[in-house]
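Since the structure comes first, as structure tokens, the remarks are kept for the end.
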Amino acid sequence: SKEPMMTTTDLRALREKTVLDHFADETRQDFDAVLSTFPHPHYELVPTGEVHDGGEAVRAYYLASRKAFPDQRHEIIQLRHTDDAVIVEFWLLGTHRGPLGALPPTGNTFRCRMIALFIFDGERLVCERVYFDSMTMLRQLLAGVPPAQLPALVGPLLAAGPSTAG
């Protein structure tokens with residue numbers, strides 16, 4: 001016998017639970033649980049051009065980002081549903097305690113407003129695509145750095161360009 005079709009309300013509730021579990025697992029740094037929310041993990045950071053495709057690449061991204069910001073957390077502002085996605089507007093917060101690419105730790109905190117598109121194929125999460133203003137974050141991370149040191153810190157960030165992992 002054929003399974004009954006899921007209603008739009010049921011599908012939205014399932015997707016929202018997946019997204020909220022994903023956020024909670026990221027905050028707890030339970031990366032096995034986070035990765036289990038995707039059949040094939042795929043993570044895109046639009047401002048930097050980074051694409052992390054596959055479980056190993058996405059896990060490496062999570063580990064590197066938590067090395068840079070061990071207390072990384074979020075505050076959800078709003079969730080919205082579309083036909084194929086859950087859009088989450090949120091604040092991302094953290095303290096810069098480890099290297100962020102070429103940027104050594106500054107010890108500064110940041111709070112940056114972001115949007116993440118959790119894109120679904122039916123019930124399956126297929127992509128998390130994150131948008132944010134990188135200057136908002138950099139301005140906070142570099143606050144208090146002596147101006148003479150800025151070229152040495154920012155130069156490698158600008159030269160690095162987008163990367164693809166996976």
Side-chain angles (χ1 to χ4, degrees), residues 16 18-35 37-38 41-82 85-119 125-166:
E16 188 167 310
T18 298
V19 168
L20 292 175
D21 288 349
H22 182 102
F23 264 94
D25 294 336
E26 279 187 341
T27 299
R28 285 197 330 269
Q29 299 188 28
D30 183 349
F31 301 128
D32 289 334
V34 176
L35 292 170
T37 63
F38 295 94
H42 186 85
Y43 198 90
E44 300 174 4
L45 295 169
V46 174
T48 63
E50 292 174 65
V51 175
H52 306 282
D53 188 59
E56 200 172 302
V58 173
R59 181 184 302 277
Y61 161 72
Y62 287 145
L63 292 172
S65 67
R66 294 337 181 264
K67 184 175 181 184
F69 305 105
D71 63 344
Q72 183 173 305
R73 61 207 180 279
H74 62 274
E75 298 170 359
I76 294 177
I77 298 166
Q78 181 78 45
L79 275 78
R80 293 176 173 84
H81 294 267
T82 69
V86 176
I87 302 167
V88 184
E89 187 177 6
F90 63 101
W91 290 103
L92 188 70
L93 304 95
T95 308
H96 190 198
R97 300 279 185 214
L100 177 62
L103 183 63
T106 62
N108 289 345
T109 60
F110 78 93
R111 184 172 193 227
C112 184
R113 197 168 191 153
M114 301 192 169
I115 288 185
L117 302 179
F118 287 84
I119 301 169
L125 178 61
V126 295
C127 178
E128 180 180 355
R129 184 175 298 137
V130 183
Y131 294 82
F132 62 96
D133 176 21
S134 53
M135 281 303 297
T136 296
M137 186 180 288
L138 271 178
R139 193 175 299 115
Q140 294 173 60
L141 296 180
L142 294 173
V145 172
Q149 292 179 15
L150 289 175
L153 294 175
V154 176
L157 293 175
L158 297 175
S163 68
T164 300

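For the residue pair Phe90 and Val88, the shortest heavy atom distance occurs at CD2-O, 3.5 Å. Scanning both residues, Pro105 and Arg97, for their nearest heavy atoms gives CB-C, 3.4 Å. Here the closest heavy-atom approach between residue Val34 and residue Phe38 is recorded as O-CD1, 3.9 Å. Listed here is the closest heavy atom pair of Arg113 and Ile77: NE-CD1, 3.5 Å.
For the atom pair Tyr62 OH and Leu35 CG, the distance stands at 6.0 Å (nearest 0.5 Å). Atom CG in Asn108 sits 11.0 Å away from atom CG in Leu138 (nearest 0.5 Å). In this structure, CZ on Phe132 lies 8.5 Å from CZ on Phe110, to the nearest 0.5 angstrom. Here the straight-line distance linking atom NE2 of His74 with atom SG of Cys112 works out to 14.5 Å at 0.5 Å rounding. Atom CZ of Arg111 and atom CD of Gln140 lie 9.5 Å apart (nearest 0.5 Å). In this structure, CD1 on Ile119 lies 8.5 Å from OG1 on Thr82, to the nearest 0.5 angstrom.
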Exercise. Apply side chain to side chain contact (heavy atoms under 4.5 Å, CB included) to the pair Ile87 and Ile115, showing each step before the final yes or no.
Key: CA-CA 7 Å; Ile87 302 167; Ile115 288 185; 3.8 Å; yes

Practice problem: Evaluate the criterion side chain to side chain contact (heavy atoms under 4.5 Å, CB included) for residue pair Val86 and Arg80; output intermediate values, then yes/no. | Solution: CA-CA 6 Å; Val86 176; Arg80 293 176 173 84; over 6 Å; no

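Val130 is not listed as a side-chain neighbour of Glu44, based on a closest heavy-atom distance of 4.5 Å or more. Within the 4.5 Å cutoff, side-chain heavy atoms of His96 are placed close to those of Leu103. In this structure the side chain of Phe69 never reaches within 4.5 angstrom of the side chain of Thr95, judged on heavy atoms. The shortest distance between side-chain heavy atoms of Leu142 and Leu150 falls below 4.5 Å. Taking 4.5 Å as the limit, every side-chain heavy atom of Leu63 sits out of range of all side-chain heavy atoms of Lys67.
Salt-bridge check for Glu26 with Arg73: failed, with every basic side-chain N at 4.0 Å or more from each acidic carboxylate O. Salt bridge status for Arg59 with Asp32: present, with a side-chain N to carboxylate O gap under 4.0 Å.
Side chain of Thr106 to backbone of Leu141: a donor-acceptor contact under 3.5 angstrom is found.
Aromatic pair Phe118/Phe23: centroids less than 6.0 angstrom apart.
Side-chain N/O atoms of His22 and Glu128 include a donor and acceptor closer than 3.5 Å. A donor-acceptor pair shorter than 3.5 Å can be found between the side chains of His42 and Asp53.
The number of heavy atoms from other shown groups lying within 6.0 Å of CD (Gln29) is above 12.
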